[in-house]
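To start, the structure itself, in structure tokens.
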Amino acid sequence: MSLSNSEIADLFNQMADLLQIKGENPFKVRAYRNAARTVQNLGKSLEDLHKKGMDLTKLPGIGADLSDAIEEILQTGKFSKLEKLKKELPQGLDKLLAIEGLGPKRIRQLYDAFGITSLEALAQKAESGEIYTLKGFGPKLVEKILKGVQLAKKAGHRFRFDVAKPFAEELKSYLSGFEGVMKVEVAGSYRRKKETVGDLDILVVAKNWESVTEWFVKYEKIKEVVSKGPTRSTVILRNDLQVDLRSVAGESYGSALHYFTGSKAHNIKIRKMAVERGWKINEYGVFDGKKRLGGESEEQLYSLMGMEYIEPELREDRGEVEAAVEHRLPDLVRLGDIKGDLHTHSKWSDGHATIEQMALAAKERGYSYLAVTDHSRHLTVAKGLDEKRIRKQWEEIDALNERLEGITVLKGIECDILEDGSMDLPDSVLKKLDVVLGAVHYKFNLSKKEQTRRVVKAMQNRYFNIFAHPTGRIIGHRNAYELDMSEIFAACKGEGVILEINAQPERLDLDDIYAKAAKEEGIRLAVSTDAHDTMSLDFMQYGLNQARRGWLQKSDLVNTLPLSALKKVLKK
DNA sequence: GCCGTTTTCGGCCCGACTGTTTTCAGTCG
């Protein structure tokens, strides 16, 4: 039985949901959630670790019981404790947990009184008014529940980072332009640069909070003002993105920013450390009893805790706290470190700009090289290049390189990996290229074994340089195809293959977790935009967000190298 | 259910808000 880390994490989360509804010890619930997070963030297949005989209790939040549970799940594909609980409790209750305003207690109440186990039944009892007979259910709560049911029926309410970004930027400048506003920052997962964000949390330091609130709720893209209070206001934008505005005193700005930036797991870890010293950290500051030790800035907060400043992208409790204490945090890669883009398209295939336009746009961005990597022949819908056309393209590139100054165009290809693992163009062509990307563009539904064998075989081609958009997922639309990532990593190491972080905001794969794992294996990566026009070269920043979340430094990426060094890496 | 140079048992981050109640439970971030 083969289960991925995500599937195992999912079982633990289901367990936590049901335990919660059952009214079990909340710390037990938390233990399952913590374990789920550990598994999800592992970056290495739990199955592999187990096969190699690793003691799973060494993993944070996994003790004897959960280690046994993992073993059972890996061997049988089943988690008996969960199965048992599922029999005890009716199906469907966990769906109700997703509704805002409904927690375990109220769900239990609804079930005991009316036997409610579904969104439909819930809506019906709410609309008929019967629900008011329950203690604690008043008109406001019922209205909230009905709204929640509507929302729960719509799928997926997280927003891609690039979708949220213009709203975040616009709101920030809208607010900072208002009189009396001293500081504005968008915190939350947006500040941590997660690939998707649930809502926007905006912090404001202002002399005149009340008039700032009034100004905020007048922002033109607001659909609904949910609440307006003395320290917090919540609105929903027309695209259903929720925005919270919170007022903070200047002296608490750092601790508030830290608190609202999260992640929750990171915060808990820091607060625990404070408790161990007999201190307390909350959103107002750092305290020793009643004595205030600080809180004006995040730098000060971390310094009080005896550690280095931790960049928001790292705050996921994936080892950054320990690293900060031991002064071994990575010096994260920055846009200024990037010397070129290794995955771009031109009009020769499905791009919208000429090679020259792309090259000049790359030069404008301060790059010294740009690889043109149009599609290969198999991808006919994208006018993929065959041998004849690619040779013609080389003539154009040679001529351009004669003419252009300050930028070098590299000859590349985004070559299809065919179903049998062979490359879409012959070696006689591949060997003349500066950069060969390999990519999977069809037959996404092969079994894990077949898909892995296909890619590994392609990587064994001696001209294969970079594995492009390695997992093929499209955020919110398409899952990753099945690949055994530890085998892929092993092949990369063996064959000197570079892994791409594709900077298209709906791709962003490798993701942060695998990027970190690849780095730890000593595999090199490239952040590339896959740009199909000149403007999309600016997607680089999205890719770098993901790279930074994956702990990558300048030295982990190949497209931070000067051209001569890069060429050496690419010639295997 | 996890975890431990204060503990193998007794803790487990911390506070605000909402709606309901009449002093606070439940939920949320």
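Throughout, protein chains are lettered first and strands after them, A, B, ... in sequence-line order, and every chain is numbered starting at 1.
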Could you tell me whether the phosphate oxygens of dG29(B), OP1 or OP2, come under 4.0 Å of any side-chain nitrogen or oxygen in K264(A)?
-> no
Length of the line joining D199(A):CG and dC28(B):P, which is rounded to integer Å | 13 Å
Given dC14(B), is OP1 or OP2 found less than 4.0 Å from the side-chain N or O atoms of K272(A)?
-> no
On a whole-Å scale, what distance lies between the P atoms belonging to dC13(B) and dG4(B)?
-> 14 Å
So, do F216(A) and F178(A) have ring centers that fall under 6.0 Å from each other?
-> no
Report yes if a side-chain nitrogen or oxygen of T231(A) is closer than 4.0 Å to either non-bridging phosphate oxygen (OP1 or OP2) of dC17(B); otherwise report no.
-> yes
Indicate, yes or no, whether a donor-acceptor pair under 3.5 Å links the base of dG1(B) to the side chain of N34(A).
-> no
Please measure how far the C1' atom in dT18(B) lies from the corresponding atom in dT23(B), and state the result in whole Å.
-> 15 Å
Where the side chain of D201(A) is defined as all heavy atoms beyond and including C-beta, which of dC14(B), dG29(B), dA16(B) is the nearest nucleotide?
-> dG29(B)
Provide, to the nearest angstrom, the distance between the CZ atom belonging to R232(A) and the C1' atom belonging to dT27(B).
-> 11 Å
Value in whole Å for how far the P atom of dT21(B) lies from OH of Y132(A) | 12 Å
Using the C1' atom in both, what is the distance from dC3(B) to dT8(B), to the nearest Å?
-> 9 Å
Across the strands shown, which category fits A64(A) at heavy-atom distances under 4.0 angstrom: base, sugar-phosphate, nothing?
-> sugar-phosphate
Looking across every strand, which nucleic acid part, if any, lies under 4.0 Å from V275(A) by heavy atom: base, sugar-phosphate, or nothing?
-> sugar-phosphate
Looking across every strand, which nucleic acid part, if any, lies under 4.0 Å from I62(A) by heavy atom: base, sugar-phosphate, or nothing?
-> sugar-phosphate
N5(A) to K44(A) - nearest heavy-atom pair and separation = ND2-O, 2.8 Å
Measure from CD on E143(A) to P on dT20(B) and round the result to the nearest Å.
-> 10 Å
May I have the distance from R106(A) (atom CZ) to dT21(B) (atom C1'), rounded to whole angstrom?
-> 12 Å
N-glycosidic conformation, dT21(B) - syn within 90 degrees of 0, else anti = anti
Identify, between R271(A) and L141(A), the residue whose nearest nucleotide on DNA chain B lies closer to the 5' end.
-> R271(A)
From dC13(B), dG1(B), dG15(B), pick the nucleotide closest to the side chain of K280(A)?
-> dG15(B)
Identify whether NZ of Lys or CZ of Arg in K183(A) sits under 6.0 Å from the centre of the six-membered ring of Y253(A) and within 45° of that ring's axis.
-> yes
Whole angstrom is fine here: how far is it from CD1 in I268(A) over to P in dC3(B)?
-> 15 Å
For atom CD of E326(A), is the number of surrounding heavy atoms from other residues, nucleotides or ligands below 6.0 Å larger than 12?
-> yes
NA contact type, P26(A), heavy-atom cut-off 4.0 Å: base, sugar-phosphate, or nothing?
-> nothing
Please report, rounded to the nearest Å, how far the P atom of dC28(B) is from the CZ atom of R30(A).
-> 16 Å
Is the distance from OP1 or OP2 of dC13(B) to the nearest side-chain N or O of N267(A) less than 4.0 Å?
-> no
Under 4.0 Å: is that the gap between some side-chain N or O of Y259(A) and OP1 or OP2 of dC13(B)?
-> no
Pairwise C1' distance for dG15(B) and dG10(B), with rounding to whole Å | 24 Å
Taking the same atom, C1', in dT7(B) and in dC2(B), what whole-Å distance lies between them?
-> 14 Å
So, the side chain of D112(A) versus the backbone of G115(A): is there a donor-acceptor pair under 3.5 Å, distance only?
-> no
In whole angstrom, what separates N25(A)'s CG from dG10(B)'s C1'?
-> 11 Å
Can you name the nearest heavy-atom pair linking D512(A) to R318(A), along with the distance?
-> OD2-NH1, 3.3 Å
At their closest point, which heavy atom of L203(A) faces which heavy atom of A256(A), and how far apart are they?
-> CD2-C, 3.7 Å
Any strand is fair game: report the nucleotide pairing with dT8(B) by Watson-Crick or G-U wobble, both distances under 3.5 Å, or none.
-> none
Quick one: on DNA chain B, does K81(A) or K140(A) contact a more 5' nucleotide (nearest heavy atom)?
-> K81(A)
Euclidean distance for C1', dT20(B) against dT27(B) (whole angstrom) = 13 Å
Could you work out the separation of dG11(B) and dA16(B) based on their P atoms and round it to a whole Å?
-> 24 Å
Using a heavy-atom cut-off of under 4.0 Å over every strand shown, decide if K105(A) touches base, sugar-phosphate, or nothing.
-> sugar-phosphate
